[in-house]
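The block underneath contains the structure these notes are about, expressed in structure tokens.
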Amino acid sequence: MALTNYAGAPGTKDDLIRLLIDCDTGIDDALALAYLCSLDHVHIRAITSTPGNVDVEQVAANNRALLKLCSKPDVPVLIGARKPLDIPLVTTPETHGPQGVGYATLPAPGPDSLANNDAVDYWIQAARANPGELTVMLTAPLTNFALALRREPRLPWLLRKVVIMGGAFYYQGNTTPTAEWNTHVDPHAAKEVFAAYTAAAEQGLESEKLPILCSLDTTERFEMQPEFLTKLAEEAGCAEPELVQPSDVEGTLSKASNPLVRYLSDALRFYFEFHRHYDQGYIAHVHDYFAAGVAAGTLDYETRPATIDVETESQLLFGTTVADFRGLWGKPANAHVVSRNDPEAGFAELVKRLGTLARKLN
Ligand code: RIB
Ligand code: CA
């Protein structure tokens with residue numbers, strides 16, 4: 001059964017979304033977090049940090065600094081795994097910068113009361129205490145989710161909605177010619193997660209509880225142009241235009257008067273430069289923002305059911321995700337792969353929400 005969501009449909013924007021986020025903040029993770037902080041109908045219960053774009057301590061520091069910037073300092077930030085399940089951690093400073101947020105800098109965050117609690121234990125306790133209530137969004141390697149499923153196999157039944165950014169289906173990868181970053185960092189975890197959902201489907205798990213998978217084939221349609229920042233600064237009420245241009249000297253820092261506009265401009269500029277270095281143009285694929293809109297029920301999308309598996313043996317295809325849309329493997333669907341989205345509406349939504357949030361921070 002294909003799932004569809006048209007923002008504003010009954011039971012989407014109006015419902016309170018109680019959200020657990022697992023991310024590897026990163027530039028597009030940071031954009032997604034700022035967006036989710038702008039939504040009154042989303043209650044961010046906790047943010048768990050996974051190593052990926054940068055090491056996990058830096059991920060947690062980025063999460064806490066961003067929450068402080070967005071006036072959500074009380075949201076707990078926790079750490080679970082410090083490396084992938086079975087292979088060494090590989091980070092990508094060339095993509096997101098040495099600290100994971102491009103050229104952006106933020107004051108050191110304050111202390112976090114739950115910092116020493118384990119992210120995986122927190123997920124399991126929260127899901128058991130709120131059966132059928134929690135939405136989870138994962139925009140990182142699936143290490144923590146795999147560990148949680150090992151310890152609590154009932155998790156697919158306990159969670160309300162699961163949104164994952166990861167994978168690429170019959171579409172070129174961004175890490176190897178066939179593999180997407182999140183699944184390539186920890187392919188064993190991704191394989192375990194989809195195997196767990198195959199087993200749950202075989203035991204009768206409702207289709208609506210299968211993960212919604214935002215893979216490169218549709219997240220790369222969310223291709224941000226630098227003019228987005230000019231519009232955001234206007235929406236935020238900045239006096240001066242925010243111009244980020246291909247002709248700028250690399251590393252030019254924003255002078256925006258608004259702290260959120262300045263932070264996002266400095267982060268995204270690095271991302272524009274990265275995409276240009278890899279012949280994709282002076283643009284930025286904001287994968288995780290699309291996943292955030294799916295989790296929040298604010299962006300339109302359509303999906304197709306599929307059985308997903310992940311290559312963990314082949315050197316050539318290591319970390320590659322494969323989707324069986326036709327039941328050729330004789331296994332039940334274990335995910336809903338996004339097949340359609342609306343970037344133009346998505347960027348209009350993002351400007352509006354972030355502009356409103358930015359005005360509150362001034
Ligand atoms: O492949 C894109 C994904 O990898 C995004 O989540 C980005 O933040 C990186 O983690
Ligand atoms: Ca990410």
Side-chain angles (χ1 to χ4, degrees), residues 20-36 47-56 58-63 66 77 79-81 83-84 89-102 104 119 136-145 162-169 171-187 189-190 193 211-224 264 267-268 270-272 274-275 278 280 283-295 308 310 318-321 337-338 341:
L20 285 175
I21 299 169
D22 189 275
C23 53
D24 62 337
T25 307
I27 295 167
D28 60 329
D29 304 76
L31 184 70
L33 293 185
Y35 172 68
L36 291 166
I47 297 181
T48 56
S49 309
T50 293
N53 291 323
V54 289
D55 66 70
V56 75
Q58 185 64 61
V59 172
N62 292 342
N63 289 335
L66 192 74
V77 175
I79 291 175
K83 64 171 289 297
L89 173 64
V90 174
T91 58
T92 176
E94 69 279 3
T95 307
H96 293 267
Q99 294 183 317
V101 283
V136 301
M137 178 186 84
L138 302 107
T139 60
L142 295 176
T143 317
N144 283 335
F145 197 16
V162 177
V163 179
I164 295 172
M165 191 280 135
F169 301 107
Y171 185 88
Q172 65 179 349
N174 61 0
T175 305
T176 72
T178 59
E180 177 274 327
W181 171 258
N182 288 333
T183 54
H184 190 266
V185 168
D186 196 343
V193 167
I212 298 169
L213 198 43
C214 307
S215 44
L216 285 189
D217 25 307
T218 50
T219 64
E220 286 198 351
R221 301 184 70 240
F222 270 68
E223 187 166 279
M224 181 182 280
L264 293 177
L268 287 161
F270 189 100
Y271 216 24
F272 292 132
F274 163 78
H275 285 80
Y278 284 80
Q280 299 183 69
I283 54 95
H285 291 139
V286 288
H287 314 276
D288 297 345
Y289 162 58
F290 173 61
V294 170
I308 309 297
V310 185
F318 191 72
T320 300
T321 50
V337 178
V338 173
N341 55 20

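As the structure lists them, so they are numbered: ligands from 1, and atoms in each ligand from 1. Note that the coordinates shown come from a computational prediction; the quantities given were computed from them, not determined experimentally. Each residue takes its place number in the sequence, starting with 1.
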Note to self: What count do you get for protein N, O or S atoms closer to the Ca ion (ligand 2) than 3.0 Å?
What the structure shows: 5
Notebook entry, point to check: Taking the six-membered ring for Trp, are Y278 and F274 ring centroids under 6.0 Å apart?
Noted result: yes
Note to self: Here's a test for you: under side chain to side chain donor-acceptor pair (under 3.5 Å), which of N63, T25, D55 qualifies with S49?
What the structure shows: N63
Margin query: When you compare the side chain of L89 with that of P84, does any pair of heavy atoms fall below 4.5 Å?
Written below: yes
Notebook entry, point to check: Heavy-atom distance under 4.5 Å between the side chains of T320 and V310, does that happen here?
Noted result: no
Notebook entry, point to check: What about the rings of F222 and H285, do their centers lie closer together than 6.0 Å?
Noted result: no
Item checked: Residue shell around ligand 1, heavy atom under 4.0 angstrom -> D24, D28, D29, N53, H96, T139, M165, N174, E180, W181, N182, H287, D288
Check: Does some side-chain heavy atom of K83 sit less than 4.5 Å from a side-chain heavy atom of V56?
Finding: no
Extract all donor-acceptor atom pairs below 3.5 Å that involve side chains of residues 287-294 and protein atoms in other chains or at least two apart in sequence.
| from | atom 1 | to | atom 2 | distance (Å) |
| --- | --- | --- | --- | --- |
| H287 | ND1 | T219 | OG1 | 2.8 |
| D288 | OD2 | D29 | N | 3.3 |
| Y289 | OH | G346 | O | 2.6 |

Notebook entry, point to check: What residues, two or more places apart in sequence or in another chain, satisfy ring pair (Phe, Tyr, Trp, His ring centres under 6.0 Å) together with F169?
Noted result: none
Next item on the list: Please answer whether the main-chain N or O of Y271 pairs with a side-chain N or O of H275 as donor and acceptor at a distance below 3.5 Å.
Entry: yes
